[in-house]
Amino acid sequence: MGAVAAMQRNDAAQAAPGAQPARLRVEEVSLRYRTPEGGTFSALEKVSFEVPDQQFAVIVGPSGCGKSSLLYLTAGLAEPTEGDIYVGGQRVEGPGADRGMVFQSYTLFPWLTVRENIEFGLKRRGLPAAERREIVDYYLDEVGLARFAGNYPKQLSGGMMQRVAIARALANDPQILLMDEPFGALDSQTRMQMQKLLLRVWDHSKKTVVFVTHDIDEAILLGDRVYVMGARPGRIKRILDVPIERPRSLDMVMDRGFIDMKREILGLLHDDLEEAH
Ligand code: ADP
């Protein structure tokens, strides 16, 4: 059995038949910042939710509602003021390879080739060269970059760099993939290509994903569930299941179910704006 097949089989073996264990559990998480005036600003207030295993969860909300903060806390890059976060039952106490991250700004190592970037975490974990090669080849193929394996990041377009970032995150076989506006800096054509690519790659990997966006179309297109946040203080206002079957395609934005859901989310976001004024 190849390295990739072994990895996928191992994942399947961990889930009890029929059971849907929560891969991510956020428990009563609050995050407060000190203001220059000596007071505190509440970025997140008692946020609680669970993301089941193998779910594609999308967080939407107005700018400043704490979406990025929530991902940073889950990544272990910051600590909540109160509350706890669990990934695969383990309390988050700092950054770890069990959480893969893809951010909006390109975070590739500029001095490494595409192959070396994807291989980076595998090397650190001490995987033998043949196994590393097999895993990297698989993900290069998944994101359509086999021909660019020897290129350096500066020789790639923005979309290609994000494809490398996705391949690198998945190659490490994380428990959960955290994506913070990963397509936010791309032009609309490239963004659509990337959404299509992510739908396909996710369908193969079935990783638990938490994806942050402020683009409602993107949220519905990609997600199994949409977590709508409100601001001041940052909180989850509503959790909506996306009632649209997979495989999804970009032209489903015309479907009735899609439009109804978009209207509902827009209503929730609009209420939040009204409350703020
Ligand atoms: P979003 O991703 O939804 O736009 P963020 O998580 O980036 O929101 O920010 C949530 C709120 O916390 C914002 O109002 C932001 O200004 C504030 N904030 C973020 N980081 C800091 C910080 N280091 N110090 C003070 N306030 C911060």
Side-chain angles (χ1 to χ4, degrees), residues 24-51 56-87 92-95 99-107 158 162 165-166 169 176-186 191 194-195 198 208-223 225-240 262 264-277:
L24 170 66
R25 213 166 77 233
V26 175
E27 269 184 8
E28 305 254 310
V29 163
S30 298
L31 178 66
R32 286 187 281 276
Y33 292 112
R34 291 206 175 287
T35 61
E37 298 81 38
T40 53
F41 171 79
S42 182
L44 294 169
E45 191 64 44
K46 288 201 182 295
V47 172
S48 297
F49 65 94
E50 288 189 351
V51 178
F56 199 122
V58 182
I59 301 180
V60 291
S63 183
C65 72
K67 302 183 296 296
S68 294
S69 298
L70 203 47
L71 277 201
Y72 267 71
L73 296 175
T74 307
L77 299 171
E79 255 188 79
T81 316
E82 282 159 18
D84 298 294
I85 299 180
Y86 297 87
V87 171
V92 170
E93 284 174 352
R99 283 147 288 154
M101 286 179 286
V102 181
F103 292 147
Q104 178 176 335
S105 50
Y106 312 119
T107 49
Q162 287 308 67
I166 292 169
I176 186 164
L177 188 58
L178 307 173
M179 307 184 85
D180 192 1
E181 300 253 10
F183 310 145
L186 305 175
R191 189 176 184 131
M194 292 297 294
Q195 289 165 345
L198 183 60
T208 309
V209 176
V210 181
F211 186 106
V212 162
T213 183
H214 61 253
D215 182 323
I216 302 174
D217 284 1
E218 184 166 82
I220 304 171
L221 178 70
L222 298 176
R225 224 173 243 182
V226 178
Y227 298 68
V228 184
M229 288 186 72
R232 287 168 298 270
R235 68 212 186 281
I236 305 272
K237 286 187 79 169
R238 190 80 63 83
I239 300 175
L240 301 165
K262 187 169 174 177
E264 187 168 3
I265 295 173
L266 275 170
L268 287 164
L269 297 178
H270 193 250
D271 288 349
D272 207 57
L273 289 175
E274 303 260 292
E275 284 161 21
H277 290 107

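First listed ligand is number 1; within each ligand, the first listed atom is number 1.
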query: Measuring to protein heavy atoms, does anything land under 4.0 Å from atom 27 (C) of ligand 1?
result: yes
- prompt: Contact between G61 and ligand 1, counting heavy atoms under 4.0 Å?
  reply: no
query: Any non-hydrogen atom of G234 lying under 4.0 Å from ligand 1?
result: no
task: Check side chain to side chain donor-acceptor pair (under 3.5 Å) between D84 and all other residues, then give those that pass, not counting sequence neighbours.
output: R91
query: Which word best sums up how the rings of F56 and F211 line up, parallel for under 30°, tilted for 30 to 60°, or perpendicular for over 60°?
result: tilted
For [X], take its heavy atoms, then give the atoms of ligand 1 lying under 4.0 Å from any of them.
| X | value |
| --- | --- |
| S69 | 5 (P), 6 (O), 9 (O), 10 (C) |
| G64 | 1 (P), 3 (O), 4 (O), 8 (O), 10 (C), 11 (C), 13 (C), 14 (O) |
| K67 | 1 (P), 2 (O), 3 (O), 4 (O), 6 (O), 8 (O) |

query: Counting only heavy atoms, which portion of F41 has something under 4.0 Å from ligand 1: side chain, backbone, both, or neither?
result: side chain
message: Under 4.0 Å, heavy-atom basis, I'd like to know which part of P62 is in contact with ligand 1: side chain, backbone, both or neither.
response: backbone
- request: Give yes or no for whether the N/O distance cutoff of 3.5 Å, strictly under, is met between S68 and ligand 1.
  value: yes
- prompt: Looking only at N/O atoms, are G66 and ligand 1 under 3.5 Å apart anywhere?
  reply: yes
query: Could R191 and F183 be counted as a cation-pi pair, given that NZ or CZ must be under 6.0 Å from the ring centre and within 45° of the axis?
result: no
field: Backbone N/O of E218 and side chain of Q195: donor-acceptor pair under 3.5 Å
entry: no
- request: For the pair K67 (side chain) and P62 (backbone), establish whether a donor and an acceptor sit closer than 3.5 Å, ignoring hydrogens and angles.
  value: yes
